Amino acid sequence: MTDKFGKGCHLHLIDGSAFIFRAYHALPPLTRKSDGLPVGAVSGFCNMLHRYVEANTGPEAPTHVAVIFDKGSHTFRNDLYDQYKANREAMPEDLRPQIPLTRRATEAFNIACKEIEGYEADDIIATLSCQAREAGGRVTIISSDKDLMQLVGGGVEMLDAMKNLRIDVEGVEAKFGVGPDRVVDVQALAGDSVDNVPGAPGIGIKTAALLINEYGTLEELLDRAGEIKQPKRRQTLIEHREQIELSKRLVQLDCDTPLDFTLEDLEVRDPDGETLLGFLNEMEFRTLTKRIADQMGVEPPALPEVNTRGGDDAPETVEMPAIDPDSYETVTNADQLAVWIGRIRERGYVAVDTETTGLDEMRADLVGICLATEPGLACYVPLGHKAAEGEGLFATEDLAEGQMAEAEALEMLKPVLEDEAILKIGQNMKYDAKILKRCGIDVAPCDDTMLISYALNAGLHQHGMDALADRYLSHTCIPIKELLGTGKAMITFDKVPIDKATRYAAEDADVTLRLWQVLKPQLHAKKVTTVYETLERPLAPVLAKMEMHGIKVDRDTLSRMSSAFAQKMGALEAEIHELAGERFNVGSPKQLGEILFDKMGMEGGKKGKTGAYATGADVLEDLATLHELPARVLDWRQLSKLKSTYTDSLQTHIHPETGRVHTSYQQTGANTGRLASTDPNLQNIPVRSEEGRRIREAFIAEEGKVLLSLDYSQIELRILAHIADIPALKQAFDEGQDIHAATASEMFGVPMEEMTPEIRRQAKAINFGVIYGISGFGLARNLRIPRAEAQGFIDRYFERFPGIKDYMAETTEFGKKNGYVQTLFGRRIHTPEIDAKGPRAGFARRAAINAPIQGTAADIIRRAMIRMPDAILGLPAKMLLQVHDELVFEVDEAAADEVAEVARGVMETAADPAVRIDVPLVVDAGQGRNWAEAH
DNA sequence: TGATTCACG
DNA sequence: GACGTACGTGAATCAG
């Protein structure tokens with residue numbers, strides 16, 4: 001039995017979360033050498049614990065000690081105030097799997113490790129401090145968190161371990177201007193932006209302390225607020241009384257947390273050398289293992305076999321066992337699967353790949369799951385393979401022999417796939433996550449080799465698995481064609497024999513795991529960890545949700561439009577044939593060119609590389625002044641486009657069960673960081689022409705809801721003004737002026753009041769030209785003016801806004817020197833062609849000038865999208881679409897205005913706090929029953 | 001399969 | 001001095 005805690009006892013309480021975050025941010029993202037598991041924070045945490053133990057061995061040593069952690073994200077404070085800690089950045093994904101390891105580390109040091117579901121560490125610390133104080137003992141809280149300062153006094157002190165600074169009653173008074181017993185009063189008034197405690201607007205710690213010292217307590221102050229002399233202060237306190245009282249309840253720590261342990265349980269214990277060294281060795285912390293072994297006077301345990309990979313100069317190829325498809329296991333029963341689950345739990349991570357009947361995640365069915373825990377160690381769990389034998393009626397209905405029941409397998413895998421301590425690694429995980437979501441499994445946390453590759457090497461190469469395996473593993477994957485065939489005879493994966501499927505499928509998981517081991521360490525070496533962790537990794541689940549929601553599209557509207565278009569096209573076609581004097585395929589540019597230039601002898605026919613005449617819209621527009629035929633062809637083409645690409649094709653994309661259209665966003669599609677939308681592309685629904693815009697009327701909200709559209713106003717020009725630092729443009733944006741008119745005024749010396757649409761149009765073309773890496777030729781063609789005149793405009797523009805020319809020169813220079821350019825958020829876009837000879841260099845140069853601007857805008861809306869789900873949590877709203885600078889939501893009609901303001905706030909502040917853009921970001925909002933009305 | 005055209009930001 | 005050019009996408013269609 002241990003002695004009762006009491007006089008003469010000294011309790012140390014360590015704020016575990018503070019240790020973890022300090023450790024995480026102080027160290028580079030180290031990974032365990034043998035397998036790439038992120039362990040940077042664990043390493044820092046262990047070092048801090050070790051230093052703590054070393055420093056507390058003398059006569060002043062504590063008699064009791066515990067490390068206290070937070071547990072669960074929802075506490076009673078969230079019930080009081082739903083915005084409590086709402087502005088916290090989400091925990092970095094590579095930190096999450098390390099949290100359980102810090103618990104194990106604490107236990108390995110044989111220090112009590114305590115947490116209670118639904119309570120903050122601070123409340124547990126408060127409760128223990130109170131108990132220890134009442135028992136007559138001393139307490140030292142190892143933390144610098146000012147929220148804990150209210151506990152100081154009566155034998156309780158704090159210790160800032162970093163600065164080795166003791167904080168007693170005087171220390172608290174120095175910080176807050178009041179004693180510990182009044183700290184909560186001051187905090188209630190001053191608020192706290194970190195925890196999002198509102199407080200009283202305009203009152204900081206200084207003023208708060210002044211007021212509390214004058215009135216004694218917060219309650220007294222609020223009751224007698226009318227006596228305050230300063231009118232503004234008086235008004236604030238009266239108006240915000242409720243908010244202030246709420247704030248006090250938020251900052252007041254709870255001394256009555258129900259504990260499932262006693263002070264006596266926290267008695268200091270000597271560490272067990274074997275346990276401690278075993279843990280440190282398992283983490284592969286060589287230095288610390290050796291140091292502690294030396295101190296204990298024992299031999300350090302031998303490190304496990306380690307690959308020679310890792311470190312800052314991680315090589316691009318890694319020694320691994322050869323890929324051997326014959327070595328993979330087919331899992332056919334629960335016992336086998338249990339072995340794999342054990343392996344995964346032991347490892348802490350697993351590469352996962354799903355096999356399905358198709359490429360459309362909303363319609364494809366699960367056929368099997370592959371797992372890999374180390375290079376060469378992979379399996380395939382077939383679940384939905386159909387019996388290959390048998391003709392006729394029963395052939396495709398029967399499941400093949402030798403498969404687990406799908407429900408049973410998923411039930412076993414679900415706890416692993418959802419375990420936040422087990423990292424799931426995939427190649428294009430969004431696909432697999434959506435398939436599994438439809439099976440009732442929320443896969444998390446995830447790492448994605450495709451996204452890692454994109455963060456590392458956008459612009460250098462594509463990021464599909466076959467290409468990555470070729471490049472980084474020198475391995476050619478089994479082509480899917482070999483299993484499925486091509487064209488009409490193509491079969492679906494469920495018809496592939498299981499033995500063949502195992503070879504192919506398990507290889508995918510094996511390759512994914514290998515790619516992860518090669519690519520993940522490069523993130524840090526190439527300084528794009530932040531890009532991956534803040535712009536890529538957290539976006540994927542947001543996109544998955546949007547895609548699964550889909551948007552409602554009215555089939556009848558589209559169908560009616562298709563018929564109308566068909567009718568008009570028929571009439572136009574007859575007219576065109578009449579004008580041409582013969583029948584031909586209007587849809588064939590080749591035939592059209594021959595009619596126009598050979599038969600009818602029109603001037604200006606230019607042939608392209610293939611020997612065909614160019615008949616693009618700009619050519620036809622010029623010819624339209626001479627003859628009626630090209631004008632009719634333009635009309636016909638517009639209708640043809642609208643019909644085939646939109647009104648016809650969109651109908652085929654309406655999901656039979658949801659009645660909605662589910663696009664797919666390709667996160668690695670555009671080199672600049674923009675998304676691409678496919679199957680169908682919902683980022684190019686017509687809007688510029690009146691006729692086309694009507695297609696948007698078919699995109700509707702559910703009954704009782706509206707579509708809400710928010711778009712950034714001129715975001716790229718604002719970013720240009722910021723990056724190139726153009727005072728005149730910045731001022732125009734600050735003042736909310738019409739930016740194209742302001743540009744025109746500045747360039748041509750026309751006062752704003754006398755601006756004409758024509759002059760403004762020219763300035764607008766130049767503004768866009770600048771973003772695209774302007775050239776005299778390009779501007780001349782766009783504005784249809786002589787090249788010399790266009791060049792004159794550009795010269796004048798550079799003269800008026802000299803920063804632009806500097807930006808262009810510096811960016812080109814940077815691209816040449818480094819092989820890439822970057823956005824304000826550190827995203828890298830590679831520019832390998834910039835050193836090429838000939839016209840290619842021109843292309844690359846302009847792309848390099850454009851990329852930081854377009855890419856920064858893309859980063860900003862990504863940040864907004866990542867924050868949006870939390871911001872609209874609890875509101876009856878769903879984010880459905882992204883169109884580069886626009887987000888579309890579906891919202892209960894009654895809540896539309898509120899959601900619009902919340903979402904606008906998120907979008908306008910999306911760059912904060914990472915980047916301070918010194919031009920305001922402005923978001924315009926619209927709502928309506930359909931997308932045409934909302935836009 | 002590649003080139004052409006055209007829808008969007 | 002000539003080269004040839006606006007930036008970023010996806011889908012449908014024709015023609016080989």
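Predicted, not measured: the structure shown is a model, and the values here were computed from it. Sequence lines set the chain letters: A, B, ... in the order given, protein chains first and strands last, and positions in each chain run from 1.
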Side-chain donor/acceptor of [X] to base of [N], under 3.5 Å:
| X | N | result |
| --- | --- | --- |
| K641(A) | dC6(B) | yes |
| R781(A) | dG4(C) | no |
| R637(A) | dT4(B) | no |

When you measure from the side-chain N and O atoms of [X] to the phosphate of [N], is any distance below 4.0 Å, counting only OP1 and OP2?
| X | N | result |
| --- | --- | --- |
| R688(A) | dG9(B) | yes |
| T672(A) | dT9(C) | no |
| R846(A) | dC7(C) | yes |
| K643(A) | dA12(C) | no |

Nearest to the [X] side chain among [options], which nucleotide is it?
| X | options | answer |
| --- | --- | --- |
| N585(A) | dA3(B), dA6(C), dC14(C) | dC14(C) |
| Q666(A) | dG16(C), dG10(C), dA7(B) | dG10(C) |
| S588(A) | dA11(C), dC14(C), dT13(C) | dC14(C) |
| P839(A) | dC6(B), dG4(C), dG8(C) | dG4(C) |
| N681(A) | dG10(C), dG4(C), dG9(B) | dG10(C) |
| S649(A) | dG10(C), dT5(B), dA12(C) | dA12(C) |
| L779(A) | dA6(C), dG9(B), dC6(B) | dA6(C) |
| S644(A) | dA15(C), dA6(C), dT13(C) | dT13(C) |
| P589(A) | dA11(C), dC6(B), dT4(B) | dT4(B) |
| Q854(A) | dA11(C), dG9(B), dC14(C) | dG9(B) |

**Non-hydrogen side-chain atoms of E547(A) and Y665(A) separated by less than 4.5 Å** =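 When only atoms from C-beta onward are counted, Y665(A) and E547(A) do touch, with a gap below 4.5 Å.
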**Asked** Is D622(A) close to R784(A) at the side-chain level, that is, under 4.5 Å between some pair of heavy atoms?
**Response**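 Yes - at least one pair of side-chain heavy atoms lies under 4.5 Å apart.
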**Asked** Taking atom P of dG9(B) as reference, at what distance in whole Å does atom CD of Q683(A) sit?
**Response**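 My rounded result for the distance is 10 Å.
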**Item:** Donor on one side chain, acceptor on other, D598(A) and Y613(A), under 3.5 Å
**Value:**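 Judged by distance alone, the side chains do pair up.
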**Message:** In whole Å, measure the gap between the P atoms of dT5(C) and dA3(B) for me.
**Reply:**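 Here dT5(C) and dA3(B) have their P atoms 14 Å from each other.
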**Asked** On a whole-Å scale, what distance lies between the P atoms belonging to dG4(C) and dT4(B)?
**Response**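 Their P atoms lie roughly 15 Å apart.
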**Item:** Opposite nucleotide pairing with dT5(B), Watson-Crick or G-U, both atom distances under 3.5 Å
**Value:**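 Across all strands, the one nucleotide that pairs with dT5(B) is dA11(C).
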**Request:** Give none if dA2(C) has no partner; otherwise give the nucleotide forming a Watson-Crick or G-U wobble pair with it, both distances under 3.5 Å.
**Result:**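 None - no nucleotide pairs with dA2(C), as no candidate has both distances under 3.5 Å.
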**Presence of salt bridge, R796(A) and E799(A), under 4.0 angstrom** =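 R796(A) and E799(A): not salt-bridged.
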**Request:** Provide the closest heavy-atom pair for P852(A) versus Q822(A) in the form atom of the first, atom of the second, distance.
**Result:**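 Heavy-atom minimum between the residues: CB-O, 3.5 Å.
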